[in-house]
Student: 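Have a look at the structure that comes next, please.
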Amino acid sequence: MAHDLERASGGRLWLLLAAAAGVVGLLLVWDSARSLSATYDEVTYLKIGARWWRTGERVGITRMGSPILFWKIQQAPVYWVLDRIGKGALIDDPVERQAELLPLVRIGASWIWLQGLALTAWWARRLNGSKAMAAAAWLYALSPNLIAHGSLITMETPLTTASTAMLMAFWAYLNDGRRRWFWTSAILGGLAFSCKFSVVLFPPILALVWWADGLRRGMSRGELVRHTIQIAVGMAAYVAALLLSDFALTGFSTLPLSPATGEHPSAVGRFGALGPLITRLYETPLPQDWVGFATQMHHQLSGGPSYLLGRTRMTGWWYYYLAAAAVKVPLTFWLLAVWRLAIAVRPEARSGPSDRMLIQVMVLFLIVTAIGSSRNYGFRYLLPLAPLAIVWVSRIARDEPDAPPRRLRVREAVVALGLVGQAIAVAAVHPNELTYFHILAGGPVGGRRILADSNLDWGQGLKSLARLQRVRPEFRDLTFYYFGDTDPAYYGVHGTCYTVNAVDDHSALPSLETARTPYVAVSASLQFGPWAPPGFFRKLDGVEPVALTDDATIAIYRYVDVTTWKAGGQ
C-alpha cells in the first residue's frame, strides 16, 4: 500500500513537472513571438488569411504551391476574437498594421506548439513512464529550434504537431495491431498533409518500417511474399484515406490545375495529338490541395538557390541537412543521443513497448532528404523528426527499479546535463532562437558563414535594427539592403531601404558605391546567402562591421570602409 502511494505521488510530481515545462516553453514562445519582425512569407500568410476571413477567397495560396488549412487554424481563432472585441480594423489592414497584428496571431496560434509538446510527452510516457514524460516535456520546451518556429505563423509547427500525432498512431498500430490506429494515423496524415506537402515522404517510410517489423518474426518465402502484398495493399488504402481526409478537412474545395481556360499552346506543342486531352485535364477541377501539391512539385524539381559553408548552388548538397543538424542541435542533445545508442544493446533497454520505429523513421527520413536534396532552404525541414528524437532519447530517463544504484545515478546525471545544456542554449540566444548555432559553430555570429535563410536570417531582424537605431541615432542615416518580403518602415527602421526577396529580378539593384549615407547595413542572407546578385557584396569581404543587431542577422558598416577596402586586405 505504501509503495503504491509512493508511486502515485511520484507520478503526480512528474506530471506537474511536465506541465511546468509547458508553461515555461509557452512563455518563451510568446516572448519570441513579440520580439521578431515578420519572417519570410508571414506577411503573405497574413494577407491571405485576412482576405479569406473577410471574403472567403483562398485560391492565391494554392497557386503559390501551399496548403489551405494550416494558416486557417492559426489565424481564424484570433480574427474571431478581434472582431468581437472591436479590433477588426487590424484584419482589414494586415500589411500596414502587421507590427500590431502579427504578434497577436503568433501568440494565438501557439496552442499548436503546446499540443506538440503534450503529444511528445504523452508518447514518452507510453513508452518509458512518467519520469521520461517529464524529461521529454522539458527537452521539447527548451529546444531552440522548436521555440523558434513555434513563435511563427508558418507551416512548420502545424506540420510537426500533426505528423507527431500521425506517427504516434501508426506506432500504436504496430504495437497492438488494432486497425483503428491504422486508420486514425491515415486520417491524421490528411491533417498533416493539409499543413505541409512534405508529409508525402512518410507513407513510403512507414511502409518500409511495417515491412521490417514483419521480418523480425521470421518468415518463409511464401509468407514474405504475402506480407509484402499485404503491406502494398494496406499502404495504398492508407494513402487513399490520407488524401480523402485532406479533401474533407479542406471543405471538399476543388480547383483546376490551370488558372486559364481555352487554348493551351504549350500542351499541344509538348503532347501533340494528346494535347486536347491534357488541356481537358488542366481545366478539370481537382481537390485544391492536390493542385497546390502539383505546383510545389514543379518548384521542387526546378531546384533553388542554396547556401552552405560559403558556397551557393542551385541543386543543393546531399549532406546539407546533416551539416545543418550538426550545428543547429544543442551539443548536449547529441550527448543524450550517444548515451541512448550506448544503452540500446542492454537487455533492459529493449524491454517494454518497442521504440524501434522512432529511429527507423528518423534514419529513413534523413536518407530520403539526402537523396532528394535539390532545394536546401533550412533545418526546419527536419523539424518533424524533433519529437521522435526527444521521445527516443527519453528512454534514458525510464525508471528501472532493479538497476544498480550507480547506473541509475549516472543516467540521472546524463539526463540532468542534457536538460541544463538545453536551458543554457536557449538562455544564450533568447528571444532570437531562429539564429541559434551551438558554441562550436561560433553561435549566431559564426553561423553567418555556415548557413543562411531560415537557419539564421529569415528577415526577422527589423525590430532589432530599429532598437539599435534608437540607442545609436547615427545609424538612422544608412542605406539598408534587406532580405525579406516586407517594408522595413513598418517596424520603424530609418534610412534608404532596398528589399530583396527570393522571387523578383534584382539585377538593377543599386550598388554599394551608389550609397549616399555614412553607413551601410546588410542582411546576412544577402551577404553570405544565395539571394543577392552574384558578387554584389564582395566588397564587404574582410571588412569589419561597426555593429551587429542583437540577433546577428544584420551587419552595419561604415561607408568609407566599404569603398576604400579591397578584398584580401590589399
Student: If the condition is ring-ring contact (aromatic ring centres under 6.0 Å, His included), which residues does Phe193 pass it with, not counting sequence neighbours?
Tutor: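 Phe193: ring-ring contact (aromatic ring centres under 6.0 Å, His included) contacts with Phe197, Phe293.
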Student: Looking at residues at least two apart in the chain, or sitting in another chain, which of them share a side chain to side chain donor-acceptor pair (under 3.5 Å) with Ser507?
Tutor: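 With sequence neighbours excluded, Ser507 shows a side chain to side chain donor-acceptor pair (under 3.5 Å) to Asp505, given in chain and number order.
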Student: Determine which pairs satisfy side chain to side chain donor-acceptor pair (under 3.5 Å) with at least one residue from residues 319-330, sequence neighbours left out, and list them in order.
Tutor: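 Side chain to side chain donor-acceptor pair (under 3.5 Å) check on residues 319-330 returns Arg311-Tyr319, Tyr320-Asn455.
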Student: Among pairs that include at least one residue of residues 231-243, which meet side chain to side chain donor-acceptor pair (under 3.5 Å), considering only residues two or more places apart or in two chains?
Tutor: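 Sorted pair list: Ser185-Tyr238.
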Student: List the atom pairs, donor and acceptor, that lie under 3.5 Å between side-chain atoms in residues 155-163 and the rest of the protein, sequence neighbours left out.
Tutor:
from, atom 1, to, atom 2, distance (Å)
Glu156, OE1, Thr154, OG1, 3.1
Glu156, OE2, Lys196, NZ, 2.6
Glu156, OE2, Arg380, NH1, 3.1
Thr157, OG1, His149, O, 2.9
Thr157, OG1, Gly150, N, 3.3
Thr160, OG1, Glu156, O, 2.8
Thr161, OG1, Ile112, O, 2.9
Thr161, OG1, Thr157, O, 3.2
Ser163, OG, Leu159, O, 2.8
Ser163, OG, Thr160, O, 3.2

Student: Could you pull out all residues at least two apart from Thr486 that satisfy side chain to side chain donor-acceptor pair (under 3.5 Å)?
Tutor: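 Checked Thr486 against side chain to side chain donor-acceptor pair (under 3.5 Å); matches are Gln98.
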Student: Quick one: side chain to side chain contact (heavy atoms under 4.5 Å, CB included) partners of Pro510, sequence neighbours excluded?
Tutor: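 Expected list: Tyr498, Thr514.
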Student: Sequence neighbours excluded, which residues qualify as side chain to side chain donor-acceptor pair (under 3.5 Å) partners of Ser110?
Tutor: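 Partners of Ser110 by the side chain to side chain donor-acceptor pair (under 3.5 Å) criterion, ordered by chain and then number, come out as Trp30.
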Student: Filter on salt bridge (charged side-chain N to carboxylate O under 4.0 Å, His left out), then keep only pairs touching residues 70-87, sequence neighbours left out; what's left?
Tutor: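 Listed once each, the pairs are Arg54-Asp83.
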Student: Please determine, by modelled atom types, if Gln288 and Thr62 share a side-chain donor-acceptor pair under 3.5 angstrom.
Tutor: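 Distance-only check passes for Gln288 and Thr62.
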Student: Identify which one of Val493, Leu462, Leu102 satisfies the side chain to side chain contact (heavy atoms under 4.5 Å, CB included) criterion when paired with Ser37.
Tutor: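 The option that passes is Leu462.
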Student: Who pairs with Asp93 by side chain to side chain contact (heavy atoms under 4.5 Å, CB included), at least two apart in sequence or on another chain?
Tutor: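 Scan of Asp93 (side chain to side chain contact (heavy atoms under 4.5 Å, CB included), adjacent residues dropped) gives Glu96, Arg97.
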Student: How would you list all residue pairs meeting salt bridge (charged side-chain N to carboxylate O under 4.0 Å, His left out) that involve residues 26-46, not counting sequence neighbours?
Tutor: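 Pairs touching residues 26-46 that pass the test: Asp31-Arg34, Glu42-Arg106.
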Student: According to side chain to side chain donor-acceptor pair (under 3.5 Å), who are the partners of His506, at least two apart in sequence or on a separate chain?
Tutor: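 Only Asn501 meet the side chain to side chain donor-acceptor pair (under 3.5 Å) criterion with His506.
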Student: For a 4.5 angstrom cut-off between non-hydrogen side-chain atoms, does Trp171 reach Leu358?
Tutor: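 They are not in side-chain contact.
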Student: Would you say Arg449 has more than 12 foreign heavy atoms packed within less than 6.0 Å of its CZ?
Tutor: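 Atom CZ in Arg449 is not crowded, with 12 or fewer foreign heavy atoms closer than 6.0 Å.
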Student: Only one of Ile153, Leu46, Ile61 forms a side chain to side chain contact (heavy atoms under 4.5 Å, CB included) with Trp71, so which one is it?
Tutor: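 Result: among Ile153, Leu46, Ile61, Ile61 is the only option passing the side chain to side chain contact (heavy atoms under 4.5 Å, CB included) with Trp71.
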